[in-house]
Undergrad: 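Below you'll find the structure I mean.
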2 protein chains.
Amino acid sequence: MTAPQGWEDIRAEVLRRIERRDWAPGAVIPTEAELAAEFGCARATVNRALSELARAGVLERRRRAGTRVATHPVRKATLDISVIRLEVEGRGQSYSFRLLGRSEAEPPPVIASHLGLAEGAQLLHLTTLHFADGQPFLYEDRWLNPDVLPEDLPGPELSVNEWLVKTVAYTAGEISFSAASAGTEEARRLAVPEGAALFVIERATWLGAAPVTWVRLSYAPGYRLRTAV
Amino acid sequence: MTAPQGWEDIRAEVLRRIERRDWAPGAVIPTEAELAAEFGCARATVNRALSELARAGVLERRRRAGTRVATHPVRKATLDISVIRLEVEGRGQSYSFRLLGRSEAEPPPVIASHLGLAEGAQLLHLTTLHFADGQPFLYEDRWLNPDVLPEDLPGPELSVNEWLVKTVAYTAGEISFSAASAGTEEARRLAVPEGAALFVIERATWLGAAPVTWVRLSYAPGYRLRTAV
DNA sequence: TTGAGTAATATGTCTATACATAATGGCGCC
DNA sequence: GGCGCCATTATGTATAGACATATTACTCAA
């Protein structure tokens, strides 16, 4: 066997020992210095490898206490939250969208309180339907805080969704994924029967303390969000 | 203003400049060497900060071409895929489960082909109902490859889910999230009307080329998977 | 026995330097 | 002008050494 060279090799070797149960879950593994001596590399290189594994949830590291194999390996799945156009085009389909409604209004209390808005605050309310290959793909229900918008809204060539990610910064955000039965409006827009199971992403973002946007994305039936682990 | 000290300070400062649009999306930012000179630190420190931001999707880095602000900031949401018991207990509810069925059978063709199984291969089929505070919370439909199991199946104190995570390694995996209408079996088990919108996680894992498990988790209505961005 | 104080230790980070690697831009050749 | 090669350049990684920091383990006194 060739000795591990770079930090990725060392990571692989450590992972292999964990999978082979040379190092059992919960057990303390050798220190960085010891591993560096064994692999014949600098401690920093071992540190890089072990840090990556700790970030991935495979190891747990604490100063002075050492490094141990995680007993409950919390596998972290990373989802890429992208622009809808790119998501559609990434599936090899053609993208289009249509702005359905635009108004200034007071958001429902649930949304207002979630965003931390004062009572009676007016937000911009935009509803958009996104298409993949001409078929309804996603219904977007968005509330926007006009105070944080640096420029005018985009022209018809850019969806609000895409314009937002390119121009409005935010410092904190929440995402939730759930399933919901299609309501009257969603069903009509997506051309599905009322009550159909829709995959729903709700997202709220803030810029500092100021709410930026709240959006609910209802995907047409059949949609799957995928990722590798 | 005090000069940034560690790599986290530098990361914060860079992020601030991006959010203030000192560095616009798509623009090339100064090189590591230049930033190191400006901040009065080693290049490795700047490298650490910029690498983190690149990993987070805020920056795009390419050798020789330099570092630029991402035009399509692909926000990466990381989900912690944990043991179901911990998920329930993390919500402050009491956890229990019941093994509903256990048999050896040939999986449906969809699953078999997805896993890359030979035709006619027999898998262990386990169905489990998980409860939160005594209420049906999650219906688990699992197919297990007996060849990769290192030990006997767990006793009644540990759910298959938890036992698997702690004892079976895997090298590759896929997760998908979707919404589905409750089928007859799911509806009966979760005590919801047929056709109710369920949040579904499907997951397949392999150990090298060998399939390990395929599982479908159907959550009772109202379930939300949350994460921060 | 208990608690406070202290020494020991493993990880976390930074530095300076060096070389590796990928990708670009320009140069020269045809 | 077009094409291929090569020097340049910015990032990626490795190194040894140093100091910082968190936390444990130990010692000693009340």
Undergrad: In whole Å, I'd like the distance from the CD1 atom of A:Ile29 to the P atom of C:dT9.
TA: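 Computing the A:Ile29:CD1 to C:dT9:P distance gives 19 Å.
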Undergrad: Quickly work out the B:Arg61 CZ to C:dA23 P distance and round it to whole Å.
TA: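 To the nearest whole Å, that distance equals 14 Å.
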Undergrad: On a plain distance test, is the side chain of A:Arg64 in donor-acceptor contact with the base of C:dA8 below 3.5 Å?
TA: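 It does, because a donor-acceptor pair links the side chain of A:Arg64 to the base of C:dA8 below 3.5 Å.
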Undergrad: Give a yes or no on whether a donor-acceptor pair under 3.5 Å exists between the nucleobase atoms of D:dT23, that is its base, and the side chain of A:Arg63.
TA: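 Checked by distance alone, the answer is no.
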Undergrad: Establish whether the base of D:dG12 is bridged to the side chain of B:Arg43 by a donor-acceptor pair shorter than 3.5 Å.
TA: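 Pair found.
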Undergrad: Distance-only, no hydrogens or angles: does the B:Asp133 side chain make a donor-acceptor pair with backbone N or O of B:Gln135 under 3.5 Å?
TA: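 The answer is no, because no donor-acceptor pair under 3.5 Å joins these two groups.
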Undergrad: Does a side-chain N or O of B:Arg48 approach OP1 or OP2 of C:dC14 to a distance below 4.0 Å, or not?
TA: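 It does not, given that no N or O in the side chain of B:Arg48 lies less than 4.0 Å from OP1 or OP2 of C:dC14.
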Undergrad: Quick one: on DNA chain C, does A:Ser51 or B:Cys41 contact a more 5' nucleotide (nearest heavy atom)?
TA: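 Mapping each residue to its closest nucleotide by heavy atoms, the 5'-most match is A:Ser51.
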Undergrad: Is the shortest side-chain N/O distance from A:Arg62 to OP1 or OP2 of C:dA10 below 4.0 Å?
TA: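 Answer is no, no contact under 4.0 Å.
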Undergrad: Are the side chains of B:Glu174 and B:Ser176 in contact, using a 4.5 Å heavy-atom criterion?
TA: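 Of all side-chain heavy-atom pairs linking B:Glu174 with B:Ser176, none is under 4.5 Å.
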Undergrad: Could you state the CD-C1' distance from B:Glu32 to C:dC14, rounded to the nearest angstrom?
TA: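 After rounding, the reported distance stands at 15 Å.
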Undergrad: A:Thr45 side chain N/O closer than 4.0 Å to the phosphate oxygens (OP1, OP2) of D:dT13?
TA: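 No, A:Thr45 has no side-chain N/O under 4.0 Å of OP1/OP2 on D:dT13.
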Undergrad: I want to check one thing: is the phosphate of C:dT11, taken as OP1 and OP2, less than 4.0 Å away from some side-chain N or O of A:Thr67?
TA: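 For A:Thr67, the contact criterion (side-chain N or O under 4.0 Å from OP1 or OP2 of C:dT11) is met.
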Undergrad: Measure from the ring center of A:Tyr219 to the ring center of A:Phe137 and say whether it is less than 6.0 Å.
TA: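 A:Tyr219 vs A:Phe137: aromatic centres under 6.0 Å.
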Undergrad: D:dG12 C1' sits how many Å from B:Leu50 CG, rounded?
TA: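 Atom-to-atom, B:Leu50 to D:dG12, this comes out as 12 Å.
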Undergrad: Between B:Asn47 and D:dT13, is there a contact of a side-chain N or O with OP1 or OP2 at under 4.0 Å?
TA: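 Answer no for this pair, as no side-chain N or O of B:Asn47 is under 4.0 Å from OP1 or OP2.
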Undergrad: Please tell me which of the listed nucleotides, D:dA14, C:dT11, D:dT11, lies nearest to the side chain of A:Thr31?
TA: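 The nucleotide sitting nearest to the side chain is C:dT11.
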Undergrad: Hey, does the side chain of A:Arg68 reach the backbone of A:Gly26 with a donor-acceptor pair shorter than 3.5 angstrom?
TA: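 Yes: the side chain of A:Arg68 pairs with the backbone of A:Gly26.
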Undergrad: Between B:Glu38 and B:Glu13, is any pair of side-chain heavy atoms under 4.5 Å apart?
TA: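 SC-SC contact between B:Glu38 and B:Glu13 ruled out.
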Undergrad: Nearest whole angstrom, please: distance from the P of D:dC19 to the CH2 of B:Trp7.
TA: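 Nearest whole value for this atom pair: 23 Å.
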Undergrad: Between C1' on C:dT11 and CD on A:Glu52, what's the gap in Å once rounded to a whole number?
TA: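 The answer, rounded to whole Å, is 16 Å.
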Undergrad: Tell me which of A:Pro30 and A:Ala44 sits closer to the 5' end of DNA chain C, going by the nucleotide each one is nearest to.
TA: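 In this pair, the answer is A:Pro30.
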Undergrad: Please give, in whole Å, the distance from C:dC14 P to B:Arg11 CZ?
TA: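 The distance from CZ of B:Arg11 to P of C:dC14 comes to 11 Å, rounded to the nearest Å.
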Undergrad: Measure the distance from CG on B:Leu59 to P on D:dA10 and round it to the nearest whole Å.
TA: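 In whole Å, D:dA10 P lies 16 Å from B:Leu59 CG.
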